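Below: one structure, written as structure tokens.
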Amino acid sequence: MRQTFRLGGTGGQGLITAGIILAEAALLDGYLAIQSQSYGPEARGGSSKAEVIISDEPIHFSRVTHPETLLVMSQEAADKFAHDCTAKSLVITDSLFVSNVAANGAKRIDLDITRTATRVCGKPLFANIVALGAVVGITHCVSEKALTQAVLDRVPKGTEDANKKALAAGFELAAKAGK
């Protein structure tokens, strides 16, 4: 088993943290994982990208060249990071911010990620955790138990309950997308 992910958005949306959490969940499930990140020079507002490779065999090349799963949470990220998707890729978008994706025939699923975070947790700040729940719920790359543990190990103290709600909302979005 080998799965590749690219998570793209705007600085401040928490996608670098989401990539770290996804990789940590893979490790908790006994897989090998590599996570890398890049972002523009802006502290907030510039593009950011996290890439994760999860495998049950050694990973010899740490770069994602053609993501199997691309999550884009801004139009800029869609414009910048979708070009090397293939017809076998899955593109998951935040429908609030992304309208166009030129992804070479990839399957596309549009989800209300940020709206869901705001509705469930009261703040868009939790959109990255909603997105993680949706990505894992759709791809089944790691177990829900491992993802929950990785989230709780990483989030600030005092936000555990809100993050659990965000994760559950993401799993629910994934379940609805599969119907």
Side-chain angles (χ1 to χ4, degrees), residues 1-11 13-39 47-74 77-78 80-94 98 101-111 113 126-155 163-164 166-175 177-178:
M1 184 281 294
R2 179 184 170 97
Q3 292 189 47
T4 59
F5 300 85
R6 179 175 295 148
L7 315 176
T10 301
Q13 286 183 307
L15 292 171
I16 303 273
T17 300
I20 292 167
I21 290 170
L22 183 58
E24 288 176 353
L27 296 174
L28 289 170
D29 269 344
Y31 295 114
L32 301 172
I34 291 180
Q35 186 275 329
S36 62
Q37 57 201 13
S38 66
Y39 41 88
S47 64
S48 67
K49 170 180 73 168
E51 293 182 338
V52 179
I53 300 171
I54 299 171
S55 180
D56 57 2
E57 297 181 0
I59 302 167
H60 298 293
F61 185 66
S62 62
R63 190 163 168 239
V64 173
T65 54
H66 301 289
E68 291 168 289
T69 303
L70 171 67
L71 167 70
V72 284
M73 292 186 56
S74 72
K80 206 170 190 179
F81 304 131
H83 65 277
D84 55 2
C85 286
T86 69
K88 294 180 181 180
S89 298
L90 170 64
V91 178
I92 301 169
T93 72
D94 185 331
V98 180
V101 180
N104 303 319
K107 180 182 176 188
R108 179 174 165 177
I109 298 175
D110 299 316
L111 300 174
I113 294 168
F126 296 94
N128 64 332
I129 304 301
V130 172
L132 267 178
V135 166
V136 169
I138 291 167
T139 66
H140 307 287
C141 58
V142 298
S143 68
E144 289 184 21
K145 179 181 177 184
L147 182 61
T148 301
Q149 186 61 53
V151 166
L152 295 177
D153 287 347
R154 182 63 61 172
V155 299
N163 278 286
K164 284 187 210 176
L167 204 52
F171 291 134
E172 187 176 317
L173 282 178

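Please read all numbers here as calculations on a predicted model, not as lab measurements.
Closest heavy-atom contact between D56 and Y31: CB-CD2, 4.1 Å. Nearest heavy-atom pair, A134 versus A174, reported as atom, atom and distance to 0.1 Å: O-CB, 3.5 Å. The nearest pair of heavy atoms linking I20 to R154 is CG2-NH2, 3.4 Å. Here the closest heavy-atom approach between residue A50 and residue G19 is recorded as CB-CA, 4.1 Å. Nearest heavy-atom pair, S38 versus I16, reported as atom, atom and distance to 0.1 Å: O-CD1, 4.0 Å. Across all their heavy atoms, A78 and V101 have their closest contact at CB-CG2, 4.1 Å.
The shortest side-chain heavy-atom distance between L22 and V142 falls under the 4.5 Å cut-off. A 4.5 Å side-chain heavy-atom check between L152 and K164 finds at least one atom pair inside the cut-off. For the pair D84 and V64, the minimum side-chain heavy-atom distance is 4.5 Å or more. Looking only at side-chain heavy atoms (C-beta outward), D29 and K145 stay at 4.5 Å or farther from each other. Between I129 and I21 the shortest side-chain heavy-atom distance falls below 4.5 Å.
Between the side chain of Q13 and the backbone N or O of M73 there is at least one donor-acceptor pair closer than 3.5 Å. T4 places no side-chain N or O within donor-acceptor distance of the main-chain N or O of I53, the cut-off being under 3.5 Å. In this structure, the side chain of S89 engages the main chain of P67 through a donor-acceptor pair within 3.5 Å. The closest donor-acceptor contact from the side chain of S36 to the backbone of V52 lies at 3.5 Å or more, if one exists at all.
Considering SG of C85 and NE2 of H66, their distance stands at 10.0 Å, rounded to 0.5 Å. Atoms CZ and CG, on F5 and L90 in that order, are 9.5 Å from each other to the nearest 0.5 Å. Distance check, rounded to the nearest 0.5 Å: CG of L70 to OG1 of T93 gives 9.5 Å. Note that CG of L167 and OG1 of T148 are 4.5 Å apart. Values are rounded to the nearest 0.5 Å. In this structure, CD on Q37 lies 10.5 Å from CD on E51, to the nearest 0.5 angstrom. The NZ atom of K107 sits 15.5 Å away from atom NZ of K88, with the distance rounded to the nearest 0.5 Å.
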The test is side chain to side chain contact (heavy atoms under 4.5 Å, CB included); show your working for I138 and L111 and say whether it passes. CA-CA 12 Å; I138 291 167; L111 300 174; 4.2 Å; yes

Kindly determine whether T86 and N104 satisfy side-chain hydrogen bond (donor to acceptor under 3.5 Å, both in side chains), including the steps that lead there. CA-CA 5 Å; T86 69; N104 303 319; over 6 Å; no

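Each of L71, L7, V72 was scored for a side chain to side chain contact (heavy atoms under 4.5 Å, CB included) with I92, with one residue passing: L71.
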